[in-house]
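Comments concern the structure below.
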Number of protein chains: 2
Amino acid sequence: MNYNTQPIPGKPVRGSKTGQPIMVIFDLLGRNWSMGIIWHLNNGPSTFRKLQEYCENISPTTLNKRIKELTNANLIMKTLDGYTLTEQGEELFNVISPLGKWAKKWAAKNYNLK
Amino acid sequence: MNYNTQPIPGKPVRGSKTGQPIMVIFDLLGRNWSMGIIWHLNNGPSTFRKLQEYCENISPTTLNKRIKELTNANLIMKTLDGYTLTEQGEELFNVISPLGKWAKKWAAKNYNLK
DNA sequence: CATATCGCTACAATTAAAGTAGCAATGTTA
DNA sequence: TAACATTGCTACTTTAATTGTAGCGATATG
């Protein structure tokens with residue numbers, strides 16, 4: 001089956017023929033670097049090159065794709081200071097943010113690291 | 001660079017040369033279907049074939065990879081009833097679970113869907 | 001004017017995922 | 001107990017996503 005490059009609620013995405021919002025988000029955030037980008041932008045605006053640097057191995061091709069997708073989804077936007085989270089992007093960050101704390105606990109328990 | 005198939009805290013993963021737990025989780029959950037599998041298993045144990053069915057287009061190859069990765073990460077396990085979330089897997093579900101509610105709001109606001 | 005930075009695009013190489021077939025093990029039914 | 005069904009895969013080919021590298025045009029900056 002052919003999925004849109006841009007996952008859109010109400011349209012077929014990976015995991016849901018009817019485009020259930022949660023599956024759309026999974027498709028969107030599940031792509032390489034999506035969450036990393038949002039995570040990083042929470043520290044403040046960032047340029048294209050800074051994002052590249054942060055996401056150690058991201059290629060400009062992929063970064064550009066992710067930027068377009070996240071922009072279309074109204075999660076990030078371009079400003080004079082560089083790319084930033086939109087209001088909705090910040091909301092999303094807050095929703096996934098507890099993951100950081102949990103990840104540390106999980107790593108400590110299973111891999112004896114903090 | 002060569003990353004392990006299995007992302008492990010403290011070892012290089014995509015996004016972090018030192019294997020920061022949050023990046024390890026991003027790497028793990030960012031792979032195709034990882035979150036979908038966890039999401040589905042929260043409804044109860046499931047067999048390999050049921051999971052395949054749920055994840056509409058997943059190939060057995062990929063499902064098997066995801067199962068191994070998530071099992072190694074102590075997030076799911078195999079029981080007589082099929083695959084289930086471990087205690088830590090349930091914890092993770094609870095952490096990402098607010099995403100479902102947020103996704104609906106997001107879809108409603110941006111795409112006029114519920 | 002020379003140099004640097006930035007936001008990309010193009011394109012080839014590599015890796016991941018999908019799609020399909022099928023097999024061994026176990027369970028179920030007649 | 002022979003026949004059939006289901007489950008959990010593996011093997012293999014095809015297709016799609018990501019990486020890696022080079023570099024260009026636009027806008028600063030010295």
Side-chain angles (χ1 to χ4, degrees), chain A residues 1-8 11-17 23-24 26-38 40-41 44-73 76-84, chain B residues 1-7 12-17 23-24 26-38 40-41 44-73 76-84:
Chain A
M1 192 185 291
N2 257 345
Y3 295 113
N4 290 315
T5 314
Q6 180 74 30
I8 294 175
K11 301 195 175 172
V13 295
R14 294 182 300 191
S16 169
K17 284 175 183 159
M23 296 313 293
V24 177
F26 279 176
D27 191 357
L28 193 61
L29 295 186
R31 296 171 183 198
N32 252 358
W33 296 110
S34 288
M35 287 200 286
I37 290 169
I38 287 170
H40 181 61
L41 287 185
S46 187
T47 64
F48 191 94
R49 300 243 164 163
K50 282 270 168 58
L51 274 172
Q52 261 191 296
E53 211 173 306
Y54 172 74
C55 304
E56 296 162 20
N57 295 288
I58 198 172
S59 69
T61 326
T62 308
L63 176 55
N64 197 34
K65 272 189 201 161
R66 291 301 98 83
I67 284 176
K68 279 177 184 156
E69 290 160 11
L70 294 172
T71 302
N72 285 337
I76 70 173
M77 60 185 183
K78 200 173 177 177
T79 68
L80 292 177
D81 295 328
Y83 294 99
T84 52
Chain B
M1 193 183 294
N2 257 346
Y3 295 113
N4 290 315
T5 315
Q6 180 74 30
V13 295
R14 294 182 300 192
S16 170
K17 284 174 185 160
M23 296 314 293
V24 177
F26 281 176
D27 190 356
L28 193 61
L29 296 186
R31 296 171 183 197
N32 252 358
W33 294 110
S34 288
M35 287 200 286
I37 290 169
I38 288 171
H40 181 61
L41 287 186
S46 187
T47 64
F48 191 94
R49 298 244 165 162
K50 282 268 169 59
L51 275 172
Q52 261 190 294
E53 210 174 306
Y54 172 74
C55 304
E56 296 162 18
N57 296 288
I58 197 171
S59 67
T61 324
T62 307
L63 176 55
N64 197 33
K65 273 189 201 162
R66 290 302 96 85
I67 283 175
K68 278 178 185 159
E69 289 160 11
L70 294 172
T71 302
N72 285 336
I76 70 175
M77 60 185 182
K78 201 174 178 176
T79 67
L80 291 177
D81 295 328
Y83 295 99
T84 53

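Reminder, nothing fancy here: chain letters follow the sequence lines and each chain counts from 1.
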(request) Taking ring pair (Phe, Tyr, Trp, His ring centres under 6.0 Å) as the test, write out the residues that go with B/Y54, two or more places apart. (result) B/H40

(message) Among residues at least two apart in sequence or on other chains, which ones pass ring pair (Phe, Tyr, Trp, His ring centres under 6.0 Å) with A/F48?
(response)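 With sequence neighbours excluded, A/F48 shows a ring pair (Phe, Tyr, Trp, His ring centres under 6.0 Å) to no residue whatsoever.
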
What is the distance, to the nearest angstrom, from the [atom1] atom on [X] to the [atom2] atom on [N]?
{"X": "A/L51", "N": "C/dT5", "atom1": "CG", "atom2": "C1'", "answer": "15 Å"}
{"X": "B/D27", "N": "C/dT15", "atom1": "CG", "atom2": "P", "answer": "15 Å"}
{"X": "A/L63", "N": "C/dT9", "atom1": "CG", "atom2": "P", "answer": "11 Å"}
{"X": "A/E69", "N": "D/dT18", "atom1": "CD", "atom2": "C1'", "answer": "12 Å"}
{"X": "A/I58", "N": "C/dG7", "atom1": "CD1", "atom2": "P", "answer": "14 Å"}
{"X": "A/R14", "N": "C/dA16", "atom1": "CZ", "atom2": "P", "answer": "15 Å"}
{"X": "A/R31", "N": "C/dA16", "atom1": "CZ", "atom2": "C1'", "answer": "14 Å"}
{"X": "B/N32", "N": "D/dT15", "atom1": "CG", "atom2": "C1'", "answer": "14 Å"}

Just N and O in the side chain of [X]: are any of them under 4.0 Å from OP1 or OP2 of [N]?
{"X": "B/W33", "N": "C/dA18", "result": "yes"}
{"X": "B/R66", "N": "C/dA17", "result": "yes"}
{"X": "A/T62", "N": "D/dT19", "result": "yes"}

Going by side chain to side chain donor-acceptor pair (under 3.5 Å), name the residues that satisfy it together with [X], two or more places apart in sequence or in a different chain.
{"X": "A/N72", "value": "A/Q6"}
{"X": "A/Q52", "value": "none"}
{"X": "A/T61", "value": "none"}

(message) Within the 4.0 Å heavy-atom criterion, would you say B/K65 contacts the bases, only the backbone, or no part of the nucleic acid?
(response)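 B/K65: no heavy atom of the nucleic acid under 4.0 Å.
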
(message) So which atom in A/T84 and which in A/L41 form the shortest heavy-atom distance, rounded to 0.1 Å?
(response)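 Heavy atoms of A/T84 and A/L41 come nearest at C-CD1, 4.1 Å.
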
(request) At under 4.0 Å between heavy atoms, which parts of nucleotides 5-11 of chain D does protein reach? Answer with one letter per nucleotide, 5' to 3': B base, S sugar-phosphate only, - none. (result) --BBBBB

(message) For A/R66, is there an ion pair with A/E69 - N to carboxylate O distance below 4.0 angstrom?
(response) yes

